[in-house]
Amino acid sequence: MKYDFNTIEKKWQEYWAKNQTFKAENQSDKPKYYVLDMFPYPSGAGLHVGHPLGYIASDIYARYKRHQGFNVLHPQGYDSFGLPAEQYAIQTGQHPAVTTEENIKTYRRQLDQIGFSFDWSREVRTSDPKYYKWTQWIFIQLFNSWYNNSANKAEDISELIKIFETEGNINVNAACDDDIELFMAEDWNRFSSERQQQILLQYRLTYLAETEVNWCPALGTVLANDEIVNGVSERGGHPVIRKKMTQWSMRISAYAERLLQGLHTIDWPEPLKEMQRNWIGKSVGASVTFTVIPHVTMSGGEGSHHISVFTTRPDTIFGVSFMTLAPEHELVSQITTPEHKAEVDAYIEATAKRSERDRMADVKTITGVFTGAYVEHPFTKEPIPVWIGDYVLAGYGTGAVMSVPCGDQRDYDFAKHFNISIPNIFEGVDISEEAFADKDNTIIANSDFLNGLNYKDATKKVIEELEKLGQGQGKTNYRLRDAVFSRQRYWGEPFPVYYVNGMPQMIDEAYLPIELPEVEKYLPTETGEPPLGNATVWAWDAENNKVVSNDLCHSERNEESHNGIYPLELNTMPGWAGSSQYFNRYMDPHNDEAIFSQEAINYWQQVDLYIGGSEHATGHLLYSRFWQKFMFDKGLVPCDEFAKKLINQGMILGTSAFVYRVSPNSFGFDTKGEKIIDLIKKHPIFISKILFDELNKLPESIKVFNEDLKSMLNEVFERKLVRVDIKTTEIQPLHVKVKYINASDELDIDGLKKDEEFGEDFENAIFVSDNSRLIHKDNNEKYIVGRDVEKMSKSKYNVVNPDAICEQYGADSLRLYEMFLGPLEQYKPWNTAGITGVHSFLKKLWKLYFDDNGFKVTDTSPTKESLKTLHKTIKKVQEDIENFSFNTSVSTFMIAVNELTTQKCTSKTILEPLLILISPYAPHIAEELWQVLGYNESIATAPFPVFDEKHLVESTKNYPISFNGKMRFTMELPLDMDKEEIEKTVLASEKTQEQLQGRTPKKVIVVPGKIVNIVG
RNA sequence: GCAGAAGUGGUGGAAUUGGUAGACACGUUGGACUUAAAAUCCAAUGGCCAUUAUGGCCGUGCGGGUUCAAGUCCCGCCUUCUGUACCA
């Protein structure tokens, strides 16, 4: 009988589905284990699996844990809100829901085809109101909560107290500090209701704020920092600009310290933790307040102005020779003197025009201007000039720095550039060339009471002195900023929020979910409102608590109400909202009373193993930890970290092909007559990879004068061009479809030009060969595409689905092969070259059980050798699975099967446990052979074989004998032989004497059980 | 610039606490079986030199060091990838 994977795999996939083999119980006597992979992302028209590396790994682990006797939860669902779906909807006019029943079926089929052991009865879809009801519910809980864990709590509370004291005329006693909620409740009514709302908004865990956001005009939405890559949107690569908007924000900054400390308690990959640490960006230092020396023309009310700064080096305060403010700093306009006003205004305007991207691209240019104002040094009382410069960021710290040129390179460069003095306050350090920023070797000098102190002592001392003056204190600063929580999209969870006189009101929990309304189109409205502005039934009837037609109310937030009907929020929640608690929902997915029952969460606790990509480090994985901590504080979950262990799976990469377009604005050449730029727009120029690389080797941004190109263009345009300039930075690689490329990477230019998707883009294109010659019908020049390995993506035309492998070799082969490719966490290009290896392994495995005459497993007792093979395999495979080293256990199986084949083993005692070992990796073939062996039950829960040391005990060891560390030969010796005897025997042997050639060894090293080394 | 990870045959990749480098596969070459092909099986396969068998030298990005012994530990570099970026 032959190994027929087609029939076998179909048979068992049906069996598993019918018998619900992998259903998890919410209560069980067995120990629990919860394995989860990160949500898949549906794309475009449907769902597609891509390469299921992470799924296979988690599935192997889940199956292994079942064999170990665990009650395993291994659920799967859909993260069905997403920008790609919406973009597709906008293009096609179809509804953005990707979770249509048809799509779900396709998706399930694709996953089932690979043999995953999911508990499908627990499916969760983020776009399902039954689920997003709870996302809205959490939002309301966040709105109704104060932050109480901020590291700078004291500071924030004192700010709040100030409001109470000045406006509410309340005398706050210090004991209240620890219980802000209580304190608020008691004196709350003394505020006007309007002011109450304003104060509330400022101190809630989620709040409305006028924030400067990353606005992407092309996508019509706001993007989070982690959705922007190199200044352009991650999806689509559109430009992003800064814009002020009223947005919902999540006060993740209140959890900064706990998010940082929590990293110590979880078993996550170190690089990923490091990324989160950097993102949180804790720095310890001091805040220092400088008083602006008043000048006659200063505006901005009475009293003196103060500029406070954050510094990590308060010890260098005597080295301050100027102050620098961000151009956006609010005091700039007030303190600038009339003589400098024009210059300052011009500078502010110029920097505002520069996009974030430009500012990032050129960090080397030093710019700045003097404001004419001075502040007083807190200790020396000397005047210090105040400058503005765009190297100071408005969004970090206070947007102002005390500049210490001798101790900070940026300050140093700035001072050098503008001829500001650079006082040296370090003992024995030369600062004529560069700043001295080495904290650890600092000894302070020229600094009054700090002289002779090191960094640590000086910092302590200076903070004490600043406190005495009331001009500073120790302070911890975090880079982590609050997360913007609204999106101007249609396809996301609606907010359970309506507005009364412009103030947001939460809809009562009893009336959730607030479902997405129907809209005509998914684009923003003509007045620039989010797509929900197109809805006709989208207003809140506060008396009857339901969504009603908005005929009766104006959509503007600030409009007076009509008949108790109020406008609803038009923004929707971002993609990460739904995924921030979904892992807990799986524990009790069909609960209508609560997001999950306490019984369920107390049984499952948290995710034991979470598998997913490291690209979510500063997004999903940080937000989820934040929400989990919030839920923990509310007493809703027992653990304040949602995933005990996390492993990153790498990605299967695709090989993309490129052509290199020289963009029209790169041409600054002179000519007579009509505009050449227009000609080039009509005739895009594509240069070859070789040419591109050559040009790229030249210094960046330099204009390239290229004779070859010039003569070619002369030929094309039939006119005399004087010169051709190309800026090397303006040649863009473009992806091309694989179907236009032959085996030797040669481009089919005619095919490409006719491609419908590109339209006219390529129609008149000019291609330049490696030999810098124009390609046309009459010559044999060829265009060779560039190749690079990248993330698979539809837009890169490099997606290779594993489906074909499944069809040709079966799911078991695919599972084994994806694991065999290499370590799980590694990124690797997809390459099917070695697939025959694992497939023939499966065939060999089959042959251990079957030959031409049929089933051949017998009850004969196994040989010692076979027992040894089995048990060494058990040991290795168990270790490998526990270390997630799946690639090496595949090798181990191959070795075992090769050995057992050589041994002609037919013993049930060996072949039965072997199947259980292999079943997590290749479940279909294992299940089939298990049945043939006479079992009616699925192999899925058969107990894992127990390793027995006694089968591996050896009496002899084949010792490597080395001379000066080089292995020369081996020698079989009894393991119980002691050191002296080994030495004697080895030295006495003929081969040793031959090696020594009569010399006496200086030293003989014997490590019993390991090695013998003779030093001669 | 900073942080993290990595660098081993023609290729993917193995190698416990330092202890026989290249497991297991792919590919290649030769052979068996076939009219032939496929499939299957056997053998060889890091490089160089030698060959009558036994052999010898060099080899884990580069240069040093520690050690009886280094892919592994230490110091100094180079390259690649990932993240982050004027963070005071």
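Naming convention: chains lettered A, B, ... in sequence-line order (proteins, then strands); numbering from 1 in each chain.
When the P atom is used for both B:rG76 and B:rU16, the distance is 26 Å, rounded to whole Å. B:rA85 and B:rU17: their C1' atoms are spaced 40 Å apart (whole Å). On the P atoms, B:rU40 is 26 Å away from B:rG47, given to the nearest whole Å. Straight-line distance between the C1' atoms of B:rA32 and B:rA38: roughly 16 Å, to the nearest whole Å. Taking atom C1' in both B:rG13 and B:rA25, the straight-line distance is 9 Å, to the nearest Å.
For A:Leu821, the listed nucleotide lying nearest its side chain is B:rG12; candidates were B:rU20, B:rC87, B:rG12. The side chain of A:Pro823 lies closest to B:rG13 when the candidates are B:rG56, B:rG13, B:rA3. Set against B:rG4, B:rU20, B:rG13, the side chain of A:Glu274 has B:rG4 as its closest nucleotide. Distances from the side chain of A:Met967 to the nucleotides B:rG4, B:rC87, B:rA21 place B:rA21 closest.
A:Trp387 and A:Phe322 have perpendicular rings, their planes meeting at more than 60° on a 0 to 90° scale where under 30° would count as parallel.
Remark: RNA chain B takes part in the stems B:1-7 with B:78-84, B:10-12 with B:24-26, B:27-32 with B:40-45, B:46-49 with B:55-58, B:61-65 with B:73-77, each of 3 or more antiparallel Watson-Crick or G-U pairs, criterion distances under 3.5 Å.
Contact annotation for A:Lys966: backbone-only contact, meaning every heavy-atom pair under 4.0 Å involves sugar-phosphate atoms and none involves a base. In this structure, A:Glu825 reaches neither bases nor backbone, as no heavy-atom distance under 4.0 Å exists between it and the strands shown.
Comment: A:Asp4 does not engage A:Lys2 in a salt bridge, judged by the lack of any side-chain N to carboxylate O separation of less than 4.0 angstrom. Ion pairing between a basic and an acidic side chain is recognised when a charged N comes within 4.0 Å of a carboxylate O; A:Glu899 and A:Lys868 show no such pairing. Salt bridge annotation for A:Lys791-A:Glu615: absent, with no cationic side-chain nitrogen under 4.0 angstrom from a carboxylate oxygen. For A:Asp851 and A:Lys847, the salt-bridge test fails: no basic side-chain N is under 4.0 Å from an acidic carboxylate O.
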Can you check nucleotides 22-27 of chain B for protein contacts, nitrogen or oxygen pairs under 3.5 Å, and list what you find?
{"from": "B:rA25", "atom 1": "OP1", "to": "A:Asn898", "atom 2": "ND2", "distance (Å)": "2.7"}
{"from": "B:rC26", "atom 1": "O2'", "to": "A:Ala833", "atom 2": "O", "distance (Å)": "3.4"}

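Interface remark: the A:Lys847 side chain does not form any donor-acceptor pair with the B:rU40 base, using a distance-only criterion of under 3.5 Å.
In this structure, the CD atom of A:Glu790 is 15 Å from the C1' atom of B:rU82, given to the nearest Å. Atom CG of A:Leu653 is separated from atom P of B:rG12 by 13 Å (rounded to the nearest Å).
Note that CD of A:Gln826 is 10.5 Å distant from CD1 of A:Ile652, once rounded to the nearest 0.5 Å.
A:Lys875 pairs with exactly one of A:Lys872, A:Gln878, A:Glu879 by the side chain to side chain contact (heavy atoms under 4.5 Å, CB included) rule, that one being A:Glu879.
Within the structure, a side-chain polar atom (N or O) of A:Tyr396 is placed less than 4.0 Å from OP1 or OP2 of B:rA88.
Taking 90° from 0 as the syn/anti boundary, the base of B:rG9 is oriented syn.
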* To do: Summarise protein proximity over nucleotides 63-73 of chain B in one line of letters, 5' to 3': B for base, S for sugar-phosphate only, - for none, counting protein heavy atoms closer than 4.0 Å.
  => -----BS----
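The backbone N or O of A:Ile805 lies less than 3.5 Å from no partner atom in the side chain of A:Ser813, so there is not a single donor-acceptor pair.
Heavy atoms of other residues, nucleotides or ligands lying less than 6.0 angstrom from CD of A:Glu972 number more than 12.
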